[in-house]
Student: 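Before I ask anything, let me first share the structure, which is written out below as structure tokens.
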Amino acid sequence: MADRASRGLSRRSVLTRGAGAVVGGAVIGSGLVGGAVGGAAGYAGRGLLDDDEAVPDWETVADSRVVGAATEPFHGPHQAGITTPPQAHAAFLGFDLAAGATRAEVQGVLRAWSQDAARLTSGRGGLADLEPELARDPARLTVTIGLGPGLFDAVRMPEKRPSWLRQLPAFPQIDQLEDRWSGGDLLLQICADDPLVVSHAARILASGVRGVAEQKWAQRGFRKAVGTDPTGRTQRNLFGQIDGTVNPGPDDVDFDRVLFSDGRSADGQTQRWMRGGSSLVLRRIRMTMDTWEEIDRTSRELSMGRRIESGAPLTGVHEHDPADFEAVDEVGLPVIPPESHMARARQRDRGEAMLRRPYTYDDPPEPGRISNSGLIFTAYQADPVRTYIPVQRRLAEQDALNTWTVPIGSAVFALPPGAPEGGYVGQGLFEG
């Protein structure tokens with residue numbers, strides 16, 4: 001025990017002396033990015049995990065002193081919370097601007113959010129924080145700010161809206177969208193490895209928009225807790241499915257091009273203020289657990305195109321084995337059904353690569369039901385018209401999993417580039 005305590009404290013001291021942040025390792029909606037998985041990736045390279053350890057010291061990672069003290073930088077060329085290794089807890093808050101809200105007032109909100117986010121992510125209370133003690137252990141808190149399509153008309157800057165920034169087209173085969181989970185002029189994405197930190201940050205930041213915007217919806221989700229899976233494997237969703245196998249990674253030569261805008265849209269339009277920014281497609285997907293649990297294991301695997309136990313393609317043995325979509329069985333049928341989720345979602349070309357970082361939700365059920373569960377699906381890319389919509393169109397047309405999944409919320413946001421020290425997110429839009 002003495003060895004463990006001294007080890008944890010020494011690593012914490014390394015962190016507080018300014019160990020550098022590592023961008024990488026995210027396991028998301030279909031992929032493994034970097035070497036460590038999920039929250040654990042956020043502790044690699046910080047003195048919290050030994051650099052030469054083949055297997056992470058999960059006892060140390062799960063130590064509350066280590067988890068609580070860890071930080072992610074707010075300032076930088078890109079906003080945190082995109083390539084950041086996914087934290088265990090998240091809150092997504094959507095806001096609509098109040099009638100008559102001015103450009104100067106929206107600038108004020110973005111400036112205040114950036115100032116408070118910089119403080120909260122570093123373990124300090126917000127400027128008007130009455131409970132600053134709740135901010136002392138930030139647990140890798142990140143705050144990501146998004147701008148919705150309606151904001152640009154509201155502040156009389158329609159010419160500044162990227163051409164791809166609009167609500168997704170209707171997918172009538174599958175959508176049952178509800179207004180209470182859709183749209184929004186502003187977004188706060190708040191993630192941390194401690195749900196108390198997420199809750200506190202959400203309250204501090206949301207209170208700063210009074211009179212300028214009203215909260216339209218709040219969606220809270222979770223992933224596996226830090227240190228609960230020492231194997232480092234990809235996380236599972238509530239269907240029991242390993243959910244994350246093919247994602248762009250920081251070692252890819254086109255990683256930045258996939259994720260971050262150069263200011264140009266697929267139609268040739270240029271918005272210089274978006275250089276270094278990204279986009280977020282957020283879909284709330286209800287999972288009908290009761291009917292899913294009525295089918296057998298073989299039917300589930302055929303619907304997914306992967307083995308439940310390992311996550312391997314039906315033509316492979318291991319999760320990351322390449323899939324053989326041409327393989328047939330002894331009677332000539334495709335081993336991986338063409339209508340399986342894997343077959344429909346796979347990239348047809350690199351232009352369809354996106355970074356997925358989903359969270360599970362499990363809310364109180366409505367009367368007469370035993371569950372209200374699903375996925376807060378998030379996809380990040382430079383241009384969703386080029387990347388996301390073609391994939392979603394194929395899934396809507398034919399995806400075996402559509403029988404058990406129902407999209408009930410949808411929103412698209414521009415994520416401006418990160419803020420420099422002393423600046424604020426969105427500054428290039430208003431002052432560029």
Side-chain angles (χ1 to χ4, degrees), residues 15-24 26 42 45-46 70-85 87 93 95 103-129 135 138 140-148 151-152 155 157 160-162 165 186-192 201 204-205 208-209 212 250 255-264 270-280 355 357 380-383 413-432:
L15 174 68
T16 57
R17 286 198 300 268
V22 173
V23 174
R46 297 168 176 265
T71 60
E72 298 285 351
F74 177 75
H75 298 109
H78 310 300
Q79 290 198 68
I82 301 173
T83 60
T84 306
Q87 300 95 321
L93 310 181
F95 301 84
R103 185 183 305 181
E105 288 174 328
V106 173
Q107 276 183 273
V109 167
L110 296 176
R111 188 178 288 111
W113 274 356
S114 298
Q115 290 172 346
D116 275 344
R119 294 176 62 89
L120 291 165
T121 55
S122 64
R124 297 175 292 159
L127 291 173
D129 198 338
R140 296 201 310 119
L141 173 68
T142 57
V143 176
T144 312
I145 297 170
L147 311 178
L151 177 140
F152 295 83
V155 299
M157 300 175 72
K160 294 290 188 179
R161 180 180 62 82
L165 183 56
L186 287 166
L187 169 79
L188 283 172
Q189 173 191 291
I190 303 167
C191 305
I204 293 298
L205 295 167
V209 306
V212 181
F255 185 61
D256 282 354
R257 184 172 61 82
V258 166
L259 278 179
F260 300 112
S261 174
D262 61 3
R264 292 176 296 178
T270 298
Q271 295 290 358
R272 291 186 177 88
W273 68 271
M274 269 299 293
R275 288 177 178 168
S278 189
S279 72
L280 168 63
L355 185 66
R357 201 173 183 268
Y380 305 84
Q381 57 276 300
D383 184 338
F413 296 96
L415 306 180
E421 293 276 356
Y424 64 93
V425 172
Q427 188 168 0
L429 168 64
F430 292 98
E431 302 179 22

Student: For Arg272, which residues count as a salt bridge (charged side-chain N to carboxylate O under 4.0 Å, His left out) partner, sequence neighbours excluded?
Tutor: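 Testing Arg272 for salt bridge (charged side-chain N to carboxylate O under 4.0 Å, His left out), a comparison that skips the adjacent residues, returns none.
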Student: Do the side chain of Arg161 and the main chain of Leu151 share a donor and acceptor less than 3.5 angstrom apart?
Tutor: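 The answer is no, because no donor-acceptor pair under 3.5 Å joins these two groups.
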Student: Mind checking the CG-CH2 spacing from Leu429 to Trp273? Nearest 0.5 Å is all I need.
Tutor: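 Reported value, rounded in 0.5 Å steps: 5.0 Å.
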Student: Applying side-chain hydrogen bond (donor to acceptor under 3.5 Å, both in side chains), name anything that partners Gln115, two or more places apart in sequence or on another chain.
Tutor: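 Counting only residues at least two positions away or on another chain, Gln115 forms no side-chain hydrogen bond (donor to acceptor under 3.5 Å, both in side chains).
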Student: Who are the ring-ring contact (aromatic ring centres under 6.0 Å, His included) partners of Phe430, not counting sequence neighbours?
Tutor: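 If we apply the ring-ring contact (aromatic ring centres under 6.0 Å, His included) test to Phe430, skipping adjacent residues, there are no hits.
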Student: With Thr121, which residues qualify under side-chain hydrogen bond (donor to acceptor under 3.5 Å, both in side chains), at least two apart?
Tutor: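 Scan of Thr121 (side-chain hydrogen bond (donor to acceptor under 3.5 Å, both in side chains), adjacent residues dropped) gives none.
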Student: Rounded to the nearest 0.5 Å, what's the gap from NZ on Lys160 to CG on Leu147? Could you check?
Tutor: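 Separation between the atoms: 13.0 Å.
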Student: Please collect all salt bridge (Lys or Arg N to Asp or Glu O under 4.0 Å) contacts where either partner lies in residues 418-432, sequence neighbours excluded, each pair once.
Tutor: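 Listed by first then second residue: Arg111-Glu431.
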Student: Run the ring-ring contact (aromatic ring centres under 6.0 Å, His included) test against Phe413 and tell me which residues pass, sequence neighbours left out.
Tutor: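 None.
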Student: Sequence neighbours left out, what passes ring-ring contact (aromatic ring centres under 6.0 Å, His included) with His78? Give chain and number order.
Tutor: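 Once residues adjacent in sequence are excluded, the partners of His78 under the ring-ring contact (aromatic ring centres under 6.0 Å, His included) criterion are Phe260.
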Student: Residues in side-chain hydrogen bond (donor to acceptor under 3.5 Å, both in side chains) with Asp256, at least two apart?
Tutor: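 For Asp256, no residue satisfies side-chain hydrogen bond (donor to acceptor under 3.5 Å, both in side chains) once neighbours in sequence are set aside.
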Student: With sequence neighbours left out, what residues match Gln189 under side-chain hydrogen bond (donor to acceptor under 3.5 Å, both in side chains)?
Tutor: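 Testing Gln189 for side-chain hydrogen bond (donor to acceptor under 3.5 Å, both in side chains), a comparison that skips the adjacent residues, returns Thr144, Tyr380.
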Student: Taking atom types as modelled and ignoring hydrogens, do the side chains of Gln87 and Thr142 form a donor-acceptor contact shorter than 3.5 angstrom?
Tutor: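 Yes, because at least one side-chain N or O of Gln87 sits under 3.5 Å from a partner of the opposite role on Thr142.
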Student: Residues two or more places apart in sequence or in another chain: which of them pass side-chain contact (heavy atoms from CB on, under 4.5 Å) with Ala118?
Tutor: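 In terms of side-chain contact (heavy atoms from CB on, under 4.5 Å), with neighbours along the sequence ignored, Ala118 is linked to Phe74, His75.
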Student: List in chain and number order the residues that pass side-chain contact (heavy atoms from CB on, under 4.5 Å) with Pro417, two or more places apart in sequence or in another chain; answer none if no residue qualifies.
Tutor: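 With neighbours one apart ignored, the set is empty.
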Student: With sequence neighbours excluded, what pairs up with Ser261 under the side-chain contact (heavy atoms from CB on, under 4.5 Å) test?
Tutor: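 Expected list: Met274.
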